[in-house]
2 protein chains.
Amino acid sequence: MEKHWYLSAIDIINELPEGERSFFYQKSHRKKYAKSSVIFSPGDHGNLIYYVLNGRIKIYNLSECGKEIIYWFCHPKDFFGLAEVCGGEMRTVFAEAAEETEVLWINRANFEELISRSPKIALFIMRILGSRIRQTHETIKDLIMCDVHTRLAQLLIKLGQICGCSHDGVITLEKKFTHQEMANMIGATRTTVTEVMNEFRKTGFIKCDGSRITILDYARLAGFIGFSD
Amino acid sequence: MEKHWYLSAIDIINELPEGERSFFYQKSHRKKYAKSSVIFSPGDHGNLIYYVLNGRIKIYNLSECGKEIIYWFCHPKDFFGLAEVCGGEMRTVFAEAAEETEVLWINRANFEELISRSPKIALFIMRILGSRIRQTHETIKDLIMCDVHTRLAQLLIKLGQICGCSHDGVITLEKKFTHQEMANMIGATRTTVTEVMNEFRKTGFIKCDGSRITILDYARLAGFIGFSD
DNA sequence: CAATAACTGTCGTCCAGCAAACATAATTAA
DNA sequence: TTAATTATGTTTGCTGGACGACAGTTATTG
């Protein structure tokens, strides 16, 4: 299970020394976003960083022809919008509330002050950025190396680790995902995902009630893609 | 031309205040690697960060079946090995000298001291990591969206910007790349790259002398993939 | 509770690009 | 200078999965 260590959020805020934590809370602002509202878009000036309190944020991009590519979802205790702030660059991705979501945001000046107060924070942030680089590397590798079956199996396992709830050996995903969303996460089409999901269902790897997915046979699903842990 | 802003290295060392720069030089060690020697491999403990003085470092991975995936090349003034050091994680990629290469390395403790001396450095490093995240995002997008023709055209343009030398409107790449290497950079097979390169040659986009590539018609090559700048 | 919108299930059709297999350069080593 | 290695050119299947099209099903919402 340690293979996907980087999926578990690094909870910076709670690991912070008291002084910095209260500085962060003091300088940050709370905001609630309705489902489907866009927090930022490519071309926006990247001046704020965000911290998810609850809900879920989709980080994605749209191609010229309107196809959506989902890079990842940010869950509670995750930061997002970090990458562009340090250089004062423009956003290159969309951030959108996948469901009603509350965030804290802090502006660049305060963020930089926070860093200069405590280099420890800088190291934490670098750790987050580093782990995202690794994640994207893995995505690239999978896109090049693996077929849709494998990518989907991997996705299900990751989702299980991020938002899975384990009962009697089966893992139920606490969030709902449409086939279209899953397709956008692994770079496939909706129809193909539907087909493969049904295949997995028939093989007994998973079960679906509506769009609630349950992983029945984690071991075989994992074995399918060459996991051993 | 600004589209690929992030390709130009951020030259941290020279932007550093004098005190930190000399601290860096004082604490860092020079080392020369022969062509094809491996600096680190997946599973190694990530304890050092590196700065390229001259030469070229290939950052890549090998799949189970031995296929190579090149994430990028690090050129003079680039850092590499950053991502894993902050969390004290293991390496997940290979770093190998693509030609004879000299680097400076500094260990984690000194790196952390450097950061605590000057938060400005932390921001620089975050900027580097941020720009790499964007690069990998673009790679993911291209893999999902674009066919091999487009990916190869894009690669040639990027290579032109990174190591191209412009004369009379044509851009000659100063480094040599084999078709296999190019294939590994865009997630294609060698044969396909050979075919498409010949197509580009016949169309007059490029010229090849041995493995020295010249971009004859940047505009049309760029136009091919929908550039306008 | 309609009705409207958003998902899911299932088909053919088609083609980009991979895999395998050679032949022929062009380097590098010895 | 020759042998050995490594890179390039080309061709012939074959197939994963995209695309398009539609019917059935489940959610939303006025």
Side-chain angles (χ1 to χ4, degrees), chain A residues 34-36 58 63-70 96 98-100 142-156 173 175-203 206-213 224-225, chain B residues 34-36 63-70 98-100 141-155 173 175-203 206-213 224-225:
Chain A
K35 181 175 175 174
S36 299
K58 180 171 75 179
S63 72
E64 292 66 35
C65 59
K67 188 168 173 171
E68 181 182 275
I69 296 152
I70 299 176
E96 177 183 315
E99 55 194 71
E100 186 176 86
D142 291 343
L143 283 170
I144 293 174
M145 292 297 313
C146 307
D147 62 9
V148 171
H149 283 240
T150 310
R151 298 213 298 277
L152 187 55
Q154 261 168 327
L155 176 67
L156 290 169
L173 304 191
K175 305 284 180 183
K176 292 184 172 189
F177 298 92
T178 66
H179 291 176
Q180 185 66 65
E181 281 177 318
M182 289 192 272
N184 295 345
M185 283 188 257
I186 62 172
T189 54
R190 201 273 310 161
T191 40
T192 309
V193 168
T194 300
E195 267 171 37
V196 178
M197 284 294 279
N198 285 331
E199 216 175 286
F200 284 173
R201 197 147 45 79
K202 282 170 196 156
T203 328
I206 60 170
K207 188 180 73 176
C208 305
D209 298 317
S211 44
R212 165 123 304 135
I213 300 164
F224 185 86
I225 56 170
Chain B
K35 181 175 175 173
S36 298
S63 72
E64 293 65 35
C65 59
K67 187 168 173 171
E68 181 182 276
I69 296 152
I70 300 177
E99 53 195 71
E100 185 176 87
K141 187 176 157 192
D142 291 344
L143 283 170
I144 293 174
M145 292 297 313
C146 308
D147 62 9
V148 171
H149 283 241
T150 309
R151 299 213 299 277
L152 188 55
Q154 261 168 326
L155 176 67
L173 303 191
K175 305 285 181 183
K176 293 185 173 188
F177 298 92
T178 66
H179 291 177
Q180 185 66 65
E181 279 176 320
M182 290 192 272
N184 295 345
M185 282 188 257
I186 62 172
T189 54
R190 198 237 75 214
T191 38
T192 308
V193 168
T194 300
E195 266 172 42
V196 179
M197 284 293 280
N198 285 332
E199 217 174 285
F200 284 172
R201 197 148 44 77
K202 283 169 196 158
T203 329
I206 60 169
K207 187 180 73 176
C208 305
D209 300 317
S211 44
R212 167 124 300 137
I213 300 164
F224 184 86
I225 56 170

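So that the names make sense, note that chain A is the first sequence line, chain B the second, and so on, each numbered from 1.
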Ionic contact status for A:Lys58 with A:Glu181, cut-off 4.0 Å: no
Spacing of A:Met145 atom CE relative to D:dG16 atom C1', expressed in whole Å: 15 Å
Rounded distance (Å) that lies between atom P of D:dA7 and atom CE of B:Met197: 15 Å
Length of the CD-C1' vector between B:Glu199 and D:dT11, whole Å: 15 Å
Distance in angstrom units between B:Lys176 NZ and C:dA26 C1', rounded: 10 Å
Polar pairs (N or O, both sides) under 3.5 Å between protein and nucleotides 4-8 of chain C?
residue: C:dT8; atom: OP2; partner: A:His179; partner atom: N; Å: 2.8

Close side-chain approach of B:Thr150 to B:Asp142, heavy-atom, < 4.5 Å: no
Atom-to-atom span, CD1 of A:Ile144 to C1' of C:dC18 - whole angstrom: 14 Å
Derivation and outcome, side chain to side chain contact (heavy atoms under 4.5 Å, CB included), residues A:Ile213 and A:Met197: CA-CA 10 Å; A:Ile213 300 164; A:Met197 284 294 279; 3.8 Å; yes
Check the interface with nucleotides 11-17 of chain C: list each N/O to N/O pair with the protein under 3.5 Å, or write none.
residue: C:dG17; atom: OP1; partner: B:Val148; partner atom: N; Å: 2.8

A:Glu100: side-chain hydrogen bond (donor to acceptor under 3.5 Å, both in side chains) partners, not counting sequence neighbours: none
Check: A:His179 main-chain N/O paired with A:Arg190 side-chain donor or acceptor under 3.5 Å: no
Between C1' of D:dG16 and CG of A:Leu143, the distance in whole Å: 15 Å
Close side-chain approach of B:Thr192 and B:Leu152, heavy atoms under 4.5 Å: no
NZ on B:Lys176 to SG on B:Cys208, rounded to 0.5 Å: 12.0 Å
Derivation and outcome, side chain to side chain contact (heavy atoms under 4.5 Å, CB included), residues A:Phe200 and A:Leu156: CA-CA 11 Å; A:Phe200 284 173; A:Leu156 290 169; 3.8 Å; yes
